[in-house]
Trainee: 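What follows is a structure written as structure tokens; I'll ask about it next.
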Amino acid sequence: MSIVTVQLGQCGNQVGQELFEVISNDANDTQRKVYSECSSERFFNETANRELVARSVLIDMEPKVISQSIAKTGKSGKWRYGDRSHFSQKQGSGNNWANGYCVHGPRHEEVVMDIVRREVEHCDCLAGIVAMMSVAGGTGSGVGTYVTQCLRDTYPNSFILNHLTWPYGTGEVIVQNYNSVLTLSHLYQLSDAILVHENDTVHKICAQLMNIKHISFRDVNKVIAHQLGSVLQPALTGDSHGIYNRNPIGELMSSLVCHPEYKLLSVCNIPQVSSSSMAYSMFTWPGLLKHLRQMLIANSKMEEGIDWQVRAPSFQPEGTERTGSHRRPGFNTSLANLLILRGKDVNDAEISGFQHPSLYTPWLPADEAFSMWKTPVPFNKYEKSAILVSNSQTLLRPLDNMVGKAWNMFASRAYIHQYTKFGISEEDFLDSFTSLEQVISSYSQL
Amino acid sequence: MLAKVVLPRWLMSEAYQWEYHYLKLEELANVYMGQLVSQFSMTDYPLSFHGLCSAVGQCGNQVGCRFWDLALREHSHVNKKGIYDEALSSFFRNVDSRRSVGGSCDITGGRIQSLKARAVLVDMEEGVVNEILQGPLRELFDTTQLITDVSGSGNNWAVGHWTYGSAYREQIVDQLRRAAEHCDCLQCFFLIHSMGGGTGSGLGTCVLKLLEEEFPEVCRIVTSVYPSAEDDVVTSPYNSVLAMRELTEHADCVLPVENQSLVDIVNKIKHMSHSGKPGSVIKKDSAIISGQGGVSGAEKPFDAMNNIIANLLLNITSSARFEGSLNMDLNEIAMNLVPFPRLHYLVPSLTPLYTLADVNIPTRRLDQMFTDAFSKDHQLIRADPKHSLYLACALMVRGNVQVSDLRRNIERLKPMLPFVSWNQEGWKTGLCSVPPVGHSHSLLALANNTCVKSTFMELRDRFTKLYRKKVHPNLQSQQSKTLLQNKCLRSRRLRVKRQQKDPFLFHSGQ
């Protein structure tokens, strides 16, 4: 089954390209034929000339990024983008969500959906659609939201996973908080699940774990692509009975998104080291899993600087009501977790630490809340890697900050005239704020 | 495989030697309309996004000349093969000169044949335009792009705005439309003018109004040169104040530039290069005031100052023309830096001013560049931003600079810069990979800061002094109307200034 990726805006396109790079390298690298074939089938379309064409649609309102991507991949020789799988305009969206959503989206709806349709028709069987975008700008956020809406209307029974890149807290775009709030509130209704990467977090990973001195966006994108790739590459799941899962996105959704109010997912990947130190590093499953578990409950995204003081609440005997009052501060409660193990001796890994009910919210039994996928095939040159996709309170604080800042700006009505001139009213803003407050409150009460 | 590429002469700048005779002219109105076209295209022919550039006034004319010259220099630096690429198409059309003028067909893609600036020249005196037509840049313009008159505006805003404005309205609109048709995608208008003269400020602001009427959706960015206190034009405060009102109403973004700041920067660089200190030799072509390597040969008196403004425009449009890891185009600038419609005065500041020639001296640390951008010495108006409130700030970085450098410097500078309460992290950033000629990296900062208030207050004081003495009010035609306008104008400017200071109080109903 195949996944179609829709890359939107500068960020979506840049990250998307790195993602396909990672996937193609990983698939070529490995000795395992079945894995490679499954991965290729999932992400690439093999043409008559044995070329790998990515199952991807590239959309942007200005042409520079797309043309660069296409040129670069054309040269690499390993895979390329389809000749007619892209759409760009000349004007850009000016970092304005309203411009993207109300003007560019509807204007180009037909052409864009046409390209998507063609790409979907190339798939024997559609596993789902992954839309990649940032929330700070105008195209990724505005046009992205509109396109997601069209996808939902056109493919009501398909799974749609939105991958969002959240901007640095200290400003890449001044109106990024407005754009983010509007995007998230709309996507919450349209999307099946929202997988988030924050630039701040990834930046720290690059700086501290990978020891990159001058971090460029390319480095950031590579880390994001690595983490996303590790989630989407083939794995053996509980349902797949010994062959690689055919329905990765569907299974992801069913494991993690059991309630429509809780759709925000985050990814943790361990280990992450610089390529120079990889040769000298030895990892064991117990070590990796212990760190990963603590990263989950202490809400840390990296192996360094984990707060080991945070402990799970003590176990309550069966039958007693578990209340929130006994939760320790700083403890990250999960709704559901998905653990993916890739690499050597994966069957020896001891994962019971993740199945403990104290990690999870009381109203979902722990055995429903936890799932695991595994594969003996190592991912992207890491001999062993453990990935945790989690639906938990991790994103609560960043979301709260973002909404807070947006509200602060909205209270003085700054920049609102830029949005109203394209058709977004103050009511729309208020609606968005309300729905996000609802999400925040739901997550706080986990 | 490829035939030897013969570049048009203006791209072979070093070999190009021209006499450029400069006449200092009293009243000049010169309206440039240039369309900026940029962006790579997906298909075979360059689809371009276009911006329109207008320069008005003697200043504007001179700046315009420097602008085209330096634009050619920048593109020839990057474009070694003589191919008419998308970046070049941002400023120039490629036409087949063998065809008749007027029927000049745009050739897209392929070799450069004959470049035409996307510009319309309007001159209320023929002198300057004629000079251009005889100078090295003459082939950039064809006769359909010109509108001229003979008598000038006599340093009178009203003559420029009302008299010539109404007389030439149709012609101007016609030329604008024609120029716009040559654009695949018109993204923005640039207007460069001076505020002190008659045509620059009067006819220029009339053109601004026309742009708004004819092309309401296209962004209008205005570069206005404010006169210094010692300006030799007596009526410059009147002209400036009257023009200000138009700018506040009709422009999307204004970049005010003060003559005095330009003078200070020029002096600073000259002082540096003549100081004789070891290691203080400035690398050729790298000073922001330098026009070396351009088409025109000898430097004219105001060239150094005008090169600074030309560089400002090149830097603002760099991310729209060239690639980068975080693109920032002109619409984004207007979107992010203008929180309320009338508060659209952005203080520009450019670094570095020059690169040292001695490679043994380490290039000034990157961080120094960021610090400099927020110092008064590099600003193009003489106000102190650190003691006023920032409403928003944009950083456009060119060259080999990564996002971590950007983040580190923002973190470092933030505590020293007072931002308004509802926009504590009001930074807009852009990274363009292509540096300007002669530098490895550069930074343009555009700040929407309430310090512009002091510039406006000075202007108002000069106006008041003149007005109190009843100096020359009769020179303003349509007197009563104008005088009333003056009054409204003064109170409005006061409101704008107060609004800058306390945006909170004024957001509604103003």
Side-chain angles (χ1 to χ4, degrees), chain A residues 10-11 14 58 60-68 70-71 86-96 99 103 137-138 168-177 199-200 203 206-207 212-221 405 407-419 421, chain B residues 37-42 47-50 86 184-187 219 319-341 391-394 400-407 410-411 414 420-431 503-504 507-508:
Chain A
Q10 176 169 25
C11 176
Q14 285 177 187
L58 298 87
D60 201 355
M61 291 299 113
E62 53 122 355
K64 292 200 296 285
V65 181
I66 292 187
S67 65
Q68 267 186 296
I70 297 210
H86 53 77
F87 175 76
S88 62
Q89 286 294 282
K90 298 141 252 166
Q91 262 200 324
S93 302
N95 284 165
N96 191 327
N99 193 7
V103 177
Y168 288 98
T170 53
E172 289 170 28
V173 169
I174 296 179
V175 290
Q176 62 190 35
N177 298 310
N199 268 350
D200 279 309
H203 190 103
C206 286
I212 304 177
K213 286 273 157 11
H214 295 287
I215 301 169
S216 65
F217 269 116
R218 188 128 193 267
D219 301 316
V220 171
N221 294 340
K405 286 187 214 162
W407 181 256
N408 203 7
M409 213 187 260
F410 184 71
S412 50
R413 295 295 186 274
Y415 299 102
I416 297 295
H417 71 281
Q418 309 268 18
Y419 289 87
K421 76 178 174 199
Chain B
V37 173
S38 83
Q39 311 258 339
F40 295 78
S41 81
M42 295 310 307
L47 302 173
S48 31
F49 98 87
H50 301 224
E86 297 80 0
D184 285 320
C185 180
L186 183 57
Q187 199 189 69
C219 181
S319 185
R321 291 176 289 133
F322 299 117
E323 79 219 359
S325 60
L326 189 57
N327 296 333
M328 177 161 99
D329 73 27
L330 300 154
N331 287 332
E332 293 175 20
I333 293 177
M335 168 72 181
N336 282 290
L337 294 177
V338 182
F340 301 102
L391 297 175
C393 185
N400 186 17
V401 181
Q402 302 304 341
V403 64
S404 55
D405 303 314
L406 197 54
R407 303 235 62 75
I410 291 180
E411 291 299 313
K414 222 170 53 152
V420 75
S421 64
W422 43 261
N423 204 4
Q424 285 288 305
E425 279 120 8
W427 296 93
K428 163 72 183 155
T429 55
L431 292 167
F504 234 122
H507 66 259
S508 53

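Only a predicted model underlies this, so the values are computations on that prediction, with no experimental measurement involved. The sequence lines fix the lettering, A, B, ..., with proteins before strands; numbering per chain opens at 1.
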Trainee: Can you measure from SG (B/Cys219) to CD (A/Gln91) and round to the nearest 0.5 angstrom?
Mentor: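 Rounded to the nearest 0.5 Å, the SG-CD separation comes to 10.5 Å.
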Trainee: Taking atom CG of A/Asp200 as the centre, report whether more than 12 heavy atoms of other residues, nucleotides or ligands fall under 6.0 Å from it.
Mentor: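 Count over threshold, so yes.
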Trainee: Check each of B/Asp329, B/Asn336, B/Asn331 against A/Asn95 using the side chain to side chain donor-acceptor pair (under 3.5 Å) test, and report the only one that passes.
Mentor: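 Going through B/Asp329, B/Asn336, B/Asn331 one by one, the side chain to side chain donor-acceptor pair (under 3.5 Å) with A/Asn95 is satisfied by B/Asn336 alone.
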Trainee: Heavy-atom pairs under 4.5 Å with chain B - which of A/Ile212, A/Val175, A/Ile215, A/Asn99 has more of them than the others?
Mentor: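 With the most close heavy-atom pairs to chain B, the winner is A/Ile215.
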Trainee: Is it the case that the side chain of B/Glu332 and the backbone of A/Val173 share a donor-acceptor pair, with hydrogens and angles ignored and the cut-off at 3.5 Å?
Mentor: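 Answer holds: no.
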Trainee: Of the listed residues (B/Thr429, B/Ile333, B/Asn327), which shares the most heavy-atom pairs with chain A below a 4.5 Å separation?
Mentor: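 Winner by heavy-atom pair count: B/Asn327.
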Trainee: Find the one option among A/Asn221, A/Val65, A/Asn96 whose heavy-atom pairs under 4.5 Å with chain B are most numerous.
Mentor: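 Heavy-atom pairs under 4.5 Å are most numerous for A/Asn96.
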Trainee: Examine whether an atom of A/Phe410 lies under 4.5 Å from a heavy atom of chain B, and if so say whether it belongs to the side chain, the backbone or both; otherwise answer neither.
Mentor: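 Neither the backbone nor the side chain of A/Phe410 comes within 4.5 Å of chain B.
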Trainee: Could you measure the distance from the CG atom of B/Leu431 to the CZ atom of A/Phe217? Nearest 0.5 Å is fine.
Mentor: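 Going from the CG atom of B/Leu431 to the CZ atom of A/Phe217 covers 6.5 Å.
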Trainee: Please look at B/Gln424 and chain A and tell me whether the side chain, the backbone, both or neither of the residue comes under 4.5 angstrom of a heavy atom of that chain.
Mentor: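 Nothing of B/Gln424, per the 4.5 Å heavy-atom cut-off to chain A.
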Trainee: Name the region of A/His214, side chain, backbone, both or neither, that has any atom closer than 4.5 Å to a heavy atom of chain B.
Mentor: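 When you check distances to chain B, atoms from both the backbone and side chain of A/His214 fall under 4.5 Å.
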Trainee: Is the backbone N or O of B/Ser325 less than 3.5 Å from a side-chain atom of A/Gln10, with the two atoms forming a donor-acceptor pair by type?
Mentor: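 Yes: the side chain of A/Gln10 pairs with the backbone of B/Ser325.
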Trainee: Who pairs with B/Asp405 by salt bridge (charged side-chain N to carboxylate O under 4.0 Å, His left out), at least two apart in sequence or on another chain?
Mentor: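 For B/Asp405, the residues satisfying salt bridge (charged side-chain N to carboxylate O under 4.0 Å, His left out) (neighbours in sequence not counted) are B/Arg408.
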Trainee: Specify the closest pair of heavy atoms between B/Leu337 and A/Tyr415, including all atoms of both residues, with the distance to one decimal.
Mentor: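 Minimum heavy-atom contact is N-CE2, 4.3 Å.
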Trainee: Got a donor-acceptor contact below 3.5 angstrom from the A/Gln14 side chain to the B/Leu326 backbone?
Mentor: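 Pair absent, no side-chain N/O of A/Gln14 close to backbone of B/Leu326.
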Trainee: Output all residues satisfying salt bridge (charged side-chain N to carboxylate O under 4.0 Å, His left out) with A/Glu172, sequence neighbours left out; order by chain, then residue number.
Mentor: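 Listed in chain order: nothing, the list is empty.
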Trainee: Where on B/Ala334 is there a heavy atom nearer than 4.5 Å to chain A: the side chain, the backbone, both, or neither?
Mentor: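 For B/Ala334, the backbone is the part near chain A, not the side chain.
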Trainee: Can you see which heavy atom on A/Ala414 is nearest to which on B/Trp422, and at what distance?
Mentor: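 Heavy atoms only, the tightest pair is CB-CZ3, 3.3 Å.
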Trainee: Does the B/Arg407 side chain pair with the main chain of A/Thr170, one donor and one acceptor, at a distance under 3.5 Å?
Mentor: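 Side chain of B/Arg407 to backbone of A/Thr170: a pair is present.
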Trainee: Given that the side chain runs from C-beta out, which part of A/Lys213 has a heavy atom under 4.5 Å from chain B: side chain, backbone, both or neither?
Mentor: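 Backbone of A/Lys213 only, per the 4.5 Å heavy-atom cut-off to chain B.
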Trainee: Would you mind reporting whether A/Tyr168 and B/Val403 have side-chain heavy atoms less than 4.5 Å apart?
Mentor: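 Yes, at least one pair of side-chain atoms sits under 4.5 Å.
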